[in-house]
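Here's the structure we're looking at; comments come further down.
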Amino acid sequence: MRKEIQEIFEKIAIPQSALGCNDGSEWFANGNLYNSYTPVDNSLIGSVKGGNSTDYERCIQKAQGAFLEWRLVPAPQRGEVVRQYGNLLRKHKDALGRLVSWEMGKSLQEGWGEVQEMIDICDFAVGLSRQLHGFTMHSERPEHRMYEQYHPLGVVGIISAFNFPVAVWSWNAALALICGNTLIWKPSEKVPFCAIACQILLQETLQNFNYPKAISTLIVGDAAIGELMSSDPRVALVSATGSTRMGKEVAQKVAARLGKSLLELGGNNAIIVTPNADIKMTVIGTVFGAVGTCGQRCTSTRRLIVHDSIFDQVAEALAKAYQQIRIGNPLLTENHVGPLIDAQAVEQYENTLSVATQQGAQWIVEGGRLENAESPFYVKPAIAKISADAEIVQHETFAPILYMIPYSGEVEHAIAIQNNVPQGLSSAIMTLNMREAEKFLSHAGSDCGIANVNIGTSGAEIGGAFGGEKETGGGRESGSDSWKAYMRRQTNTLNYGANLPLAQGIKFDL
Ligand code: UN1
């Protein structure tokens with residue numbers, strides 16, 4: 001292991017040969033062994049033993065037990081735990097960011113960004129811990145009071161993806177915890193050390209408190225663990241981030257027991273570029289959206305829908321910008337783009353390049369593997385001109401491939417193209433014309449959960465609700481009132497009079 005990575009492991013006290021289950025106090029594991037290789041240079045980071053069904057049982061029972069105590073802790077005091085966790089993350093931002101970059105392969109800037117996102121959601125959750133409010137409404141009956149309150153759900157199951165190995169868990173964890181829930185986390189088995197690091201830091205935080213340690217439990221494992229969680233009525237909410245294929249499996253299992261799920265699945269995000277766009281801003285927004293995280297964000301820009309009158313101009317500007325992109329070791333801050341996560345991702349990337357070609361793609365910027373790279377997982381970001389009717393544009397490929405689709409006429413045509421895919425996560429329009437912008441944002445505009453003007457599709461702030469419609473799954477995580485998904489609502493009607501009148505004026509005299 002490289003010296004700088006060794007130092008991170010020492011700083012956070014991560015064992016190189018680790019057990020992947022934790023109940024807040026102890027580490028254990030009796031399941032499969034996962035070797036974590038960094039896509040940066042394909043070297044072995046270490047091995048993690050995952051959990052089996054017995055380990056799952058231990059985690060869930062501990063989390064259930066902890067819930068009985070944790071729900072009694074006043075919410076602002078629960079917020080204090082999250083506040084101190086956020087402070088510890090500040091202390092370890094550099095190390096954790098480097099670990100994310102090393103194990104997942106995203107640029108160090110983005111690795112640090114992920115940890116910043118964790119810190120931000122902790123701050124947000126701390127404030128929220130004093131604002132878990134419900135409405136009061138007027139009763140139709142005299143001397144009655146009617147109001148609603150929010151109570152914790154129980155155990156919240158979190159299934160997270162490889163591409164945001166720490167931030168997306170923290171969105172769920174910080175909110176679920178201040179809401180009074182306890183956690184069981186199944187991270188992607190592709191990035192187990194990032195999860196172990198987060199759990200270690202949370203354990204360290206809990207040393208300062210006398211609360212049950214099992215408010216957060218961890219189980220490294222594959223789809224079998226996700227299945228146990230989805231089918232288990234003891235898991236009140238399953239919050240899953242990942243592919244639409246995975247989300248459909250989770251949703252069906254959870255629905256079969258009438259449980260709650262919160263899904264944040266695939267995107268197929270587009271930027272519309274009208275003749276009124278600022279081309280310079282368009283280029284910056286598009287390049288970061290399309291090549292950031294090597295195209296492996298659920299919010300990555302996959303489609304650029306450009307008016308035919310400016311198509312060549314935009315294509316030329318983008319091709320020029322793509323020449324400036326430095327691909328290479330993501331830990332070197334001069335590089336913009338790191339590797340894809342693994343061989344399977346490279347195969348999917350290459351497969352999509354050839355299918356797109358078969359379907360008429362004209363390559364503006366050619367793709368392919370990067371030669372003489374540190375590992376076989378570095379690829380070149382590509383841009384293709386392709387028709388809106390090509391079948392391939394309906395699919396999300398987790399790789400830096402940008403489809404440029406021409407449109408003609410009014411902005412409505414571009415909006416129709418943008419909406420004509422099964423996914424509905426993020427979208428954007430580049431225009432300085434307020435009519436076009438407002439049309440895009442209107443009820444007849446973008447059908448996505450996120451719709452931006454003069455900003456790209458990725459890089460949302462934590463303060464807004466995050467998620468999307470259609471095959472993206474409909475869930476909302478992170479900011480705004482997303483916390484409500486982590487609580488159950490109770491309506492209370494209270495009679496302080498001496499009579500018992502019935503609602504709807506019903507007479508029932510004895
Ligand atoms: C994801 O890819 O699952 O908006 C999350 C963004 C990030 C989160 C992405 N803040 O791009």
Side-chain angles (χ1 to χ4, degrees), residues 97 100-101 104-107 109-124 158-175 185-188 190-191 194-195 198 239-247 250 262-271 284-302 336-338 340-341 345 396-400 402 423-428 446 448-453 455-469 471-480 482:
V100 168
S101 182
M104 185 277 161
K106 64 176 65 178
S107 75
Q109 282 297 335
E110 294 185 66
W112 285 327
E114 241 203 277
V115 184
Q116 187 57 48
E117 210 161 327
M118 298 178 82
I119 295 166
D120 293 344
I121 197 74
C122 285
D123 286 356
F124 181 87
I158 304 167
I159 298 174
S160 62
F162 79 87
N163 66 333
F164 270 80
V166 296
V168 173
W169 166 74
S170 74
W171 297 350
N172 285 281
L175 293 194
W185 178 18
K186 188 207 94 59
S188 161
K190 294 179 183 178
V191 284
C194 288
C198 293
S239 175
T241 309
S243 66
T244 295
R245 187 193 49 75
M246 176 279 296
V250 169
L262 195 172
L263 303 171
E264 199 261 282
L265 311 173
N268 191 351
N269 318 297
I271 301 179
I284 299 168
T286 306
V287 177
F288 180 71
V291 314
T293 327
C294 201
Q296 298 171 107
R297 288 190 188 213
C298 56
T299 51
S300 292
T301 307
R302 313 232 172 264
H336 305 104
V337 176
L340 287 173
I341 185 70
E396 175 191 49
T397 302
F398 239 46
L402 180 68
Q423 309 84 351
L425 180 55
S426 186
S427 59
S446 166
C448 292
I450 298 169
N452 297 331
V453 177
I455 300 180
T457 57
S458 69
E461 300 174 21
I462 60 97
F466 184 90
E469 304 301 331
E471 283 195 356
T472 303
R476 292 296 185 277
E477 296 176 302
S478 191
S480 185
S482 303

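Both counts, for ligands and for their atoms, begin at 1 and track the order of listing.
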For [X], take its heavy atoms, then give the atoms of ligand 1 lying under 4.0 Å from any of them.
X: Glu264; result: 3 (O)
X: Phe164; result: 1 (C), 2 (O), 5 (C), 7 (C), 8 (C), 9 (C)
X: Ser458; result: 11 (O)
X: Glu117; result: 7 (C), 8 (C), 10 (N)
X: Arg297; result: 2 (O), 6 (C), 7 (C), 11 (O)
X: Thr299; result: 4 (O), 6 (C), 11 (O)
X: Gly459; result: 4 (O), 6 (C), 11 (O)

So, for [X] and [Y], which heavy atoms are closest and what is the spacing to 0.1 Å?
X: Ile121; Y: Trp171; value: CG1-CA, 3.8 Å
X: Ala460; Y: Phe466; value: CB-CD1, 3.9 Å
X: Pro165; Y: Glu114; value: CD-OE1, 3.1 Å

Could you tell me whether Arg245 and Glu471 have a side-chain N and a carboxylate O separated by less than 4.0 Å?
->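 No, no charged N to carboxylate O under 4.0 Å.
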State the OG-CZ distance between Ser426 and Arg302, to the nearest 0.5 angstrom.
->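 Those atoms lie 11.0 Å apart.
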Spacing of CG belonging to Asn163 relative to OG1 belonging to Thr241, to within rounding of 0.5 Å |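 Separation between the atoms: 8.5 Å.
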What orientation do Trp169 and Trp185 show, parallel under 30°, tilted 30 to 60°, or perpendicular over 60°?
->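 Answer is parallel, since the angle falls under 30°.
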With only distance considered, is [X] within less than 3.5 Å of ligand 1 through an N or O on each side?
X: Asn163; answer: yes
X: Val168; answer: no
X: Ala460; answer: yes

Minimum-distance protein heavy atom relative to atom 1 (C) of ligand 1 =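 The answer is Cys298 SG, 2.7 Å.
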For the side-chain hydrogen bond (donor to acceptor under 3.5 Å, both in side chains) test, which of Thr301, Asn268, Thr286 pairs with Thr457?
->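 Filter result, single survivor: Thr301.
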